[in-house]
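The block underneath contains the structure these notes are about, expressed in structure tokens.
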Amino acid sequence: SRLRTELPRRFPGIEFFFQPADMVTQILNFGLPAPIDVQIVGFNVNANRAIANNLLQKLRAVPGTVDMRLQQASDYPTINIDVDRTKAQMLGMSQQNVASNMLVTLSGSFQTSPSFWIDPLTGTQYNVATQAPQYRLQNLNDLANTPLTGSSPNGPAAILSDVATFSRSVSPANISHYDATPALDIYGAVEGTDLGYVSAQIQKIVDDTRKDLPKGSTILLRGQTQTMKASFNGLLFGLLGAIVLVYMLIVVNFQSLLDPFIIITALPAALAGIVWMLFLTHTTVSVPALTGAIMCMGVATANSVLVVSFARERMNEGASAFDAAIEAGFTRLRPVLMTALAMIIGMIPMALGLGEGGEQNAPLGRAVIGGLIFATVATLFFVPTVFTIIHGRDTGTEPTPAEPAHG
């Protein structure tokens, strides 16, 4: 944060941005240099560039976005070298000779003629490359004095200015394609807020910009946002699937549809506890948080099974639904609390996020703690109440017959 503020102040006119340094972020970005990538694809590059520049200003105004920039800069300083083929031919050179000499001078000879040297003592192989020293190429005059050699080693000596003229211009810094179509990428990162909020705001701007695109061009929000949406959709589907699967398994074991329904009535409370805990700790919804939610579903269901199964046994022995529920709550109080407390206490170190990288798994611990606190209360109070309401109708006492009227 300090560098983003200080560097532009000290070096005005220079654009600074930070690329992800850790392997996890690079993998989540699928190799992109930023988590946010607004990509405009189309053959009308000039029109797309004008739209991209306008879009860039809007994206920079979104709260939480940093390092927003257009990756394909079009004003890269360029020196054009125009070779006079006639003069070069008089000196026994071709266009290829001049280009090869420039490549060796500026980039090294390893690309054109790879050579190696093997240390006779250790047998280690080293690359050997020839290149003009950097300090010898400080200005355009040094470049003009670059010596040239033709295909014949005995040919006349020449320098670059003898066969070429120089001019300055600008050109694209890099050219990108997506599916063989020219593409422009607006990269950016997130600071001080979550990726989901920023992505939602950017998606609105992208949707508004889509109508201004020239024919044949498309605009999409790519990058880590795609990974986030795919992961969240998969985990939410897994969370709902876990609830349905648990319900079906309990139905098979209990041979009933009502008792499993009573058992899973504790799960909404667990979901509410997860949401409240994440809200109170200012933790964003993430993959670890959703993973913790799935874990919490299993423990909450297990505790609820203890209460309902005991209450059902007492009812089969002749007790009323109310008495069975009360007795189940008292009798199963200790096992339920022991199971929940063991899980909660075990998750406290993870929830605190201590140590290097501990903040990555902290949402998992916080989700489990919040979910189990609410689920435990629901298991001990709400589930017995639902049990009494549902089964109380089946075990109600017969009405007392009316007394005969006396004359």
Side-chain angles (χ1 to χ4, degrees), residues 3 7 14-35 37 69 71-73 76-180 182-183 185 187 356-357:
L3 289 174
L7 291 178
I14 298 178
E15 185 177 18
F16 296 93
F17 56 86
F18 298 85
Q19 296 185 352
D22 59 296
M23 184 64 68
V24 174
T25 305
Q26 293 179 16
I27 293 174
L28 292 177
N29 292 347
F30 285 100
L32 296 176
D37 176 19
R69 77 273 185 187
Q71 181 72 4
Q72 292 78 14
Y76 193 75
T78 304
I79 298 176
N80 299 317
I81 302 175
D82 300 317
V83 179
D84 190 328
R85 296 173 183 266
T86 302
K87 291 182 179 180
Q89 190 67 32
M90 293 174 60
L91 295 175
M93 300 180 188
S94 63
Q95 177 77 14
Q96 181 181 0
N97 297 135
V98 178
S100 298
N101 278 271
M102 293 301 301
L103 182 62
V104 171
T105 300
L106 300 176
S107 300
S109 62
F110 193 78
Q111 299 182 15
T112 58
S113 57
S115 59
F116 304 90
W117 177 76
I118 300 178
D119 190 343
L121 297 179
T122 62
T124 304
Q125 181 176 282
Y126 296 93
N127 300 330
V128 179
T130 303
Q131 182 181 359
Q134 293 283 338
Y135 62 86
R136 295 257 180 113
L137 289 173
Q138 298 294 324
N139 48 52
L140 187 59
N141 186 51
D142 294 339
L143 182 63
N145 291 327
T146 300
L148 302 177
T149 57
S151 56
S152 175
N154 299 323
I159 59 176
L160 184 60
S161 60
D162 293 338
V163 298
T165 57
F166 306 89
S167 62
R168 296 180 182 271
S169 65
V170 294
S171 63
N174 59 332
I175 300 176
S176 303
H177 290 81
Y178 186 82
D179 287 343
D185 297 282
Y187 289 141
E356 294 292 336

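Since the structure is predicted, the reported quantities are computational estimates derived from the model, not experimental observations. Values below: every heavy atom of this structure, side chains too, minus hydrogens, waters and symmetry copies.
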More than 12 heavy atoms from other groups under 6.0 Å of CD on Q138: yes
Nearest-0.5 Å distance that lies between atom OG1 in T124 and atom CH2 in W117: 8.5 Å
Derivation and outcome, side-chain contact (heavy atoms from CB on, under 4.5 Å), residues L137 and T105: CA-CA 9 Å; L137 289 173; T105 300; 4.0 Å; yes
Heavy-atom side-chain contact between M93 and Q96 under 4.5 Å: no
Heavy-atom pair with the smallest gap, counting every atom of R69 and A34: NH1-CB, 4.2 Å
Distance, nearest 0.5 Å, that separates CD of Q95 from CG of D84: 10.5 Å
Gap separating the CD1 atom of I159 from the CG atom of N145, nearest 0.5 angstrom: 4.5 Å
Flag side-chain contact, heavy atom, 4.5 Å: Q131 against V104: no
From CG (L91) to CG (D162), nearest 0.5 Å: 6.5 Å
Check: D185 main-chain N/O paired with Q72 side-chain donor or acceptor under 3.5 Å: yes
Min side-chain heavy-atom separation F166-L140 under 4.5 Å: yes
Heavy-atom donor-acceptor pair, T78 side chain to Y76 backbone, under 3.5 Å: yes
S176 side chain near N174 side chain, heavy-atom distance below 4.5 Å: yes
Flag side-chain contact, heavy atom, 4.5 Å: T146 against N101: no
Residues, nucleotides or ligands: over 12 heavy atoms within 6.0 Å of F16 CZ: yes
N97 and S100 side chains, donor-acceptor separation under 3.5 Å: no
Audit row: V163, R85, side-chain contact (heavy atoms from CB on, under 4.5 Å) steps and yes/no: CA-CA 7 Å; V163 298; R85 296 173 183 266; over 6 Å; no
Within-4.5 Å side-chain heavy-atom neighbours: V128 and F116: no
Trace of the side chain to side chain donor-acceptor pair (under 3.5 Å) decision for S169 with N80: CA-CA 7 Å; S169 65; N80 299 317; 2.8 Å; yes
Any I14 side-chain heavy atom under 4.5 Å of L7 side chain: no
Side chain to side chain, L160 and V83, heavy atoms closer than 4.5 Å: no
